[in-house]
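Just below is one structure, and these are the notes that go with it.
This structure is a prediction, so every number in the text was calculated from the model and none was measured. The sequence lines fix the lettering, A, B, ..., with proteins before strands; numbering per chain opens at 1. Computed over heavy atoms, backbone and side chain alike; hydrogens, waters and symmetry mates excluded.
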Number of protein chains: 2
Amino acid sequence: MISQKAKYALRALLVLADLKTDSISIAEMAEQHRMPRKFLEQILLDLKHAGLVQSRRGVAGGYSLLKPADTITFGQVLRLIDGPLAPLPCLSRVAYRRCEDCHDEASCRIRRVFGHVANATRAILDQTTIADAQADPERVGRILGGIQGAA
Amino acid sequence: MISQKAKYALRALLVLADLKTDSISIAEMAEQHRMPRKFLEQILLDLKHAGLVQSRRGVAGGYSLLKPADTITFGQVLRLIDGPLAPLPCLSRVAYRRCEDCHDEASCRIRRVFGHVANATRAILDQTTIADAQADPERVGRILGGIQGAA
DNA sequence: CCTATATCCTATCGGATCAGTAGGCTTTAA
DNA sequence: TTAAAGCCTACTGATCCGATAGGATATAGG
């Protein structure tokens with residue numbers, strides 16, 4: 001399960017991508033899209049620190065996307081908010097950690113199975129962008145048809 | 001990330017599947033495979049209640065598989081120990097729960113993306129059995145080639 | 001320059017989950 | 001009868017989750 005925080009982050013990015021005006025305040029976004037105001041504030045700050053969005057302070061302040069929506073992947077956002085995607089620490093590329101009870105990683109039969117899971121989810125999440133999700137329903141499906149991916 | 005408990009459960013099932021004798025005691029399994037004895041005890045009990053393994057009490061007691069190894073899937077074990085596989089509650093088949101902040105599920109753009117992730121991981125985990133993992137390294141790969149699966 | 005309004009940032013908190021431990025109860029074989 | 005095994009429930013310390021609180025800082029308009 002992905003965290004509530006990650007869900008809010010993705011929703012917030014979609015809101016920013018959909019935006020017709022050039023920015024939106026936290027309060028507006030929180031109210032219009034039913035997210036807890038202060039929690040959303042934290043999340044947007046994280047996204048800002050990661051360089052995905054930008055902000056303006058003061059009276060007419062607010063947030064907008066910094067990176068183009070088609071360069072922000074779901075994988076990137078999830079790693080940022082929830083940490084590694086990998087189902088086992090020993091399968092994470094960004095945050096590799098040895099399973100301390102496993103003598104021989106190469107021959108670990110559990111690792112082998114989950115390696116395939118990790119590849120499949122990465123194939124989807126690292127190639128699907130905010131712009132893809134934003135686009136018409138069919139598009140995500142077509143993208144996934146391209147990669148050797150989901151059923 | 002799957003829990004430590006689920007990892008132990010899978011390892012325990014592999015141990016039972018590999019078994020040459022007809023049963024093994026918790027203490028033996030714990031020691032030989034470096035798992036915390038009492039924790040393992042709980043886990044085997046869960047597996048027993050789920051009908052995957054059987055036990056004999058008393059002096060020469062111990063555990064053995066009840067179901068054939070090729071009928072126990074990774075998905076089954078993970079759901080048993082860790083709960084739903086789905087990345088969102090609204091995508092779980094066994095434990096569906098509406099995302100309470102989502103007005104229209106059918107048009108939810110986040111749900112759509114994670115639906116593909118859910119399908120991909122289910123395709124792998126619900127078809128890979130303990131026997132598959134137990135078998136030679138290549139076999140899991142071949143199975144996965146069959147389903148429209150992992151990269 | 002002052003003030004209203006926005007973001008920035010750190011701390012805190014209650015509840016849940018995780019990874020075990022503890023310990024008594026029951027069954028079984030010798 | 002007793003030692004050795006599994007059965008079962010309760011507890012515990014640590015960490016994480018989903019927020020909330022509140023002050024600091026920046027900005028635009030009057």
Mark yes or no for whether [X], through its side chain, and [Y], through its backbone, hold a donor-acceptor pair below 3.5 Å.
X: Q32(B); Y: M29(B); answer: no
X: R112(B); Y: H116(B); answer: no
X: T71(B); Y: K67(B); answer: no
X: D132(A); Y: T129(A); answer: yes
X: S107(B); Y: D104(B); answer: yes
X: T121(A); Y: A118(A); answer: yes

Under a 4.0 Å heavy-atom cut-off, which of residues 43-53 of chain B touch DNA chain C?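 Output list: empty, so none.
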With a 4.0 Å heavy-atom cut-off, tell me which residues in residues 29-36 of chain A come close to DNA chain C, sorted by residue number.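 Contacts with DNA chain C under 4.0 Å: none.
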Nearest whole angstrom, please: distance from the [atom2] of [N] to the [atom1] of [X].
X: Q54(A); N: dA6(C); atom1: CD; atom2: P; answer: 18 Å
X: I24(A); N: dT5(C); atom1: CD1; atom2: P; answer: 18 Å
X: F39(A); N: dT12(C); atom1: CZ; atom2: P; answer: 18 Å
X: I26(A); N: dC8(C); atom1: CD1; atom2: P; answer: 7 Å

Over 12 non-hydrogen atoms of neighbours within 6.0 angstrom of CD in E28(A):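 Counting other residues, nucleotides and ligands, CD of E28(A) exceeds 12 neighbours.
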On DNA chain C, does the nearest nucleotide to I81(B) precede the nearest nucleotide to R56(B) from the 5' side, or the other way round? Give the residue.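 Whichever sits nearer the 5' end wins; that is I81(B).
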Options dT7(C), dC7(D), dG18(D), nucleotide nearest the side-chain atoms of S55(B):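 Side chain of S55(B) sits closest to dC7(D).
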Considering only heavy atoms and no angle criterion, is a donor-acceptor pair shorter than 3.5 Å present between the side chain of Q42(A) and the base of dT7(C)?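 Donor-acceptor pair under 3.5 Å: no.
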Comparing G62(B) and L40(A) on DNA chain D - which has the more 5′ nearest nucleotide: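 Upstream on the strand: G62(B).
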Starting from the 5' end of DNA chain D, give me the residue, R37(A) or A60(A), whose nearest nucleotide shows up first.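 Result: R37(A).
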If only side-chain N and O atoms of Y8(B) are considered, is one of them under 4.0 Å from the OP1 or OP2 phosphate oxygen of dA19(C)?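 Result: no.
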Between R111(B) and E105(B), does at least one N-O distance fall below 4.0 Å, as a salt bridge requires?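 Between E105(B) and R111(B) there is a salt bridge, with a charged N closer than 4.0 Å to a carboxylate O.
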With clusters defined by side-chain heavy atoms of hydrophobic residues (ILVMFWY) lying less than 4.5 Å apart, directly or transitively, does L14(A) cluster with L44(A)?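 Yes, it is one cluster - the side chains of L44(A) and L14(A) are joined through contacts under 4.5 Å.
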Spell out, yes or no, whether Y63(A) and L66(A) are grouped together once hydrophobic residues are joined by side-chain heavy atoms under 4.5 Å, including indirect joins.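 Y63(A) and L66(A): separate clusters.
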Sub-3.5 Å pairs of nitrogen or oxygen atoms, protein against nucleotides 23-25 of chain D:
residue	atom	partner	partner atom	Å
dT25(D)	O2	R57(A)	NH2	2.6

Distance-only side-chain donor-acceptor flag, D82(A) / S3(A), under 3.5 Å: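 Yes, a side-chain donor-acceptor pair sits under 3.5 Å.
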